[in-house]
Amino acid sequence: MLSVNDIRNNTEELLGRLQLRRFDAHNYFTEIIELDGKRKKTQTELDSLLASLNQLAKEIGELYKKGNAEEAEKRKSETATIKESSKDLTDKLHKTEEAIKSLLVLIPNAPHTSVPKGSASKDNEIVKESGELPNLKEGALPHWELAEKYELIDFELGAKITGSGFPVYRGKGARLQRALISFFLDKALDAGYTEYQPPVLINPDSGYGTGQLPDKDAQMYLLEADKMYLSPTAEVQLTNLYRGDLLKSEQLPIKMVAYAQCFRREAGSYGKDVKGLNRLHQFDKVEIVQIQHPDNSYNVLEEMTDYVSGLLDQLELPYRVAKLCGGDMGFTSALTYDMEVYSGAQKRWLEVSSISNFETFQAHRLNLRFKEADKKACLVHTLNGSALALPRIVAALLENNQTTEGIKIPAALIAYTGFDIID
RNA sequence: GGAGAGUUAGCAGAGUGGUCGAUUGCGAUGGUCUUGAAAACCAUUGUGCCGCAAGGUACCGGGGGUUCGAAUCCCUCACUCUCCGCCA
C-alpha cells in the first residue's frame, strides 16, 4: 500500500513510476488527496469538540464533589448536542478513512525507475544467462515419464488420496526432496539467515499484511470453519512475524529462512503448464526474507539474486535471470528478478524463484517500522525470494541429468541424498 | 470439548467510575559525583492523528455498549494460564 503522504508529496514521480506498469493512477491520486484534506478538516473539528466535552465532564465531576448536584444536572443537558455532533463527525471521519483505504488498496506498488516498461513476459529484460544448455539425445524423456520409470513420483496415487496437483513422492524421489530441502536450508544458514519453522495455516490478518488479501483470496485454500488459509508461501508467515513492530535500527537487518509446504489453488491453469511438476497445488519451498533499512534494500536485492544464482550454479543447472517488466511484476513489488532454469526435455524455461523488493509497500500494510535514535519512526523495506522452490528444480534435474545408466545427481547434492545416481 | 482465572508502557506489576496516558520497581538514555568504574543522587524515557507552534485528541488485547465521565461496569471475539476430558 502506498502512503497518502507520499502520494501528496511525490505525486508526479509516483505517477511516472506507475506508468511503467501501465497503471494510470491520476484519478486515484486526485481523489485520495481530496479525501485526505477532508479527513484532516474533520479530525480538527472532532478534536475540538471532544476537548469541550472533556472539559464539561471535568466540571460536572467537580460540581458533584462540591455537592452542587443541581448545577451539575444542568450542565449534563448541555452535553447532549455536543455528543450528537461528535458522533456524526466520528462517523464521517471513519467513512472518509475507509474511502481512502479502499482506494489505496487498489493501487499497485510503484515500480523502481529501472524497471523496463512493458506489458508481458516478452518485455522482460534478461540480465544474465549461465550454464550450457543440455544436449540431450533424441528420445530424451520429460520428467513425468522419468518419474514413472524410476518410481520417484506418483501423480495418480496423489490424485487418489487428495486430488490432481498433489503428487506422492516415493523412494529416491522422496529422498531427493528431503536432500534438496536440507541443502537449501544449510546454504541459507551459511549466508547468515536464521532458520524458522512456521505454521502453514495463516489467519486473515497475516494474509492482509503481505498483500494476499483482500483480492487474491481465490488463490488460497480457505478453512471455512476456522477462518484460516493454507499459506501459499512462507513469505506470509516470515514477514508477518514482525507485523506491527517498532524495531530499533540496531535490529536491522533481519534475515530469515524457512522451509514450508505451500498451497495454491491455481484455478484456471491448464495444459502443458500443469503437466507433471510444472504447477502443483501443494509444493515445497525454501524461502528467504529480509527486513532492511531503506538505504540498503536495493543492494540487498542484488545480493539475494546472486545468492540464488549461486545455488543454481552448485546444482549445475543452466539458468537465466530476468528483470521483470512493469506489466509482469506482482502487485506488491517494486522490482523483481525471476530465475528460470532450463528443462532439457521439455525444452522450456521454468521459473524457480522470484526475488523482490517491496520497498515500504508491505511494511505499510504491516505497520512495520524502525526507529533511529532521536528520529521519527519510519517504515522498513521488505524483500523476499525463493531459495528455492523444489518441483521445477526436480523437473530440470531429472531431465537434464538423464543418461543411459540413470539420472546423475550433481556433486554438491550427493552428501545430502546419499546416492549419486537414480537407476 | 467442559469449568474457572487472566490480557495494563521495553519488562515486572499497582490501579474496580472522576484531573489516570496511568503508582511503583527494574531496564534504557543524559547529567552530578569519581583518576576510571561501581554505588548514590537528579532528570528524561510509548505510539498515531490534527496543528507553523502552543497545544489538542486518540490508544490499558480487538470490536461494540452503558455513563456527564470508563483501564475500571456490560456484551462479544481473540489469545494466555489452571483444572477436567480426549489425544500424537
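Computation of the quantities below employed the complete heavy-atom set of this structure, encompassing side-chain atoms and omitting hydrogens, waters and symmetry-equivalent molecules. Just so it is clear: chains get the letters A, B, ... in the order the sequence lines come, proteins before strands, and each one is counted from 1.
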Using the side chain to side chain donor-acceptor pair (under 3.5 Å) criterion, which residues pair with [X]? Sequence neighbours excluded.
| X | result |
| --- | --- |
| A/Q212 | A/T210 |
| A/S354 | A/D338 |
| A/D47 | A/Q43 |

Produce the list of close N/O pairs, under 3.5 Å, pairing protein atoms with atoms of nucleotides 17-19 of chain B; give distances to one decimal.
{"unit_1": "B/G18", "atom_1": "N2", "unit_2": "A/A57", "atom_2": "O", "d": "2.9"}
{"unit_1": "B/U19", "atom_1": "O4", "unit_2": "A/E62", "atom_2": "OE2", "d": "2.7"}

Expressed in whole Å, how much space separates the [atom1] atoms belonging to [N] and [M]?
| N | M | atom1 | result |
| --- | --- | --- | --- |
| B/A22 | B/G46 | P | 11 Å |
| B/U29 | B/C81 | C1' | 35 Å |
| B/U7 | B/G62 | P | 13 Å |
| B/U19 | B/A71 | C1' | 16 Å |
| B/A39 | B/G63 | C1' | 50 Å |
| B/C11 | B/G56 | P | 28 Å |
| B/A70 | B/C20 | C1' | 11 Å |
| B/C26 | B/C33 | P | 23 Å |

Does [N] pair with anything, Watson-Crick or G-U wobble, both distances under 3.5 Å, and if so, with which nucleotide?
| N | result |
| --- | --- |
| B/C68 | B/G18 |
| B/U32 | B/A40 |
| B/U23 | none |
| B/C83 | B/G2 |
| B/G46 | B/C59 |

State yes or no: are the ring centers of [X] and [Y] separated by less than 6.0 Å?
| X | Y | answer |
| --- | --- | --- |
| A/F370 | A/H293 | yes |
| A/H381 | A/Y298 | no |
| A/F23 | A/Y28 | yes |

Can you check the [X] [atom1] to [N] [atom2] distance for me, whole Å?
| X | N | atom1 | atom2 | value |
| --- | --- | --- | --- | --- |
| A/E250 | B/G10 | CD | P | 15 Å |
| A/Q251 | B/A28 | CD | C1' | 14 Å |
| A/E73 | B/C68 | CD | C1' | 9 Å |
| A/D226 | B/C77 | CG | C1' | 14 Å |
| A/E78 | B/C68 | CD | C1' | 10 Å |
| A/K87 | B/U66 | NZ | P | 9 Å |

[X] bridged to [Y] by N-O distance under 4.0 Å:
| X | Y | answer |
| --- | --- | --- |
| A/R8 | A/D36 | yes |
| A/E287 | A/K285 | yes |
| A/K160 | A/E156 | no |

- Message: With side-chain hydrogen bond (donor to acceptor under 3.5 Å, both in side chains) as the rule and sequence neighbours excluded, what pairs involving residues 183-200 of chain A come up?
- Response: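 Qualifying pairs: A/D186-A/Y416, A/K187-A/Q314, A/Y193-A/Q290.
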B/S/- along nucleotides 44-60 of chain B (protein heavy atoms under 4.0 Å) is ---SSSSS----BSS--
When you measure from the side-chain N and O atoms of A/K83 to the phosphate of B/G69, is any distance below 4.0 Å, counting only OP1 and OP2?
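So the side-chain polar atoms of A/K83 do come within 4.0 Å of the phosphate oxygens OP1 or OP2 of B/G69, strictly under.
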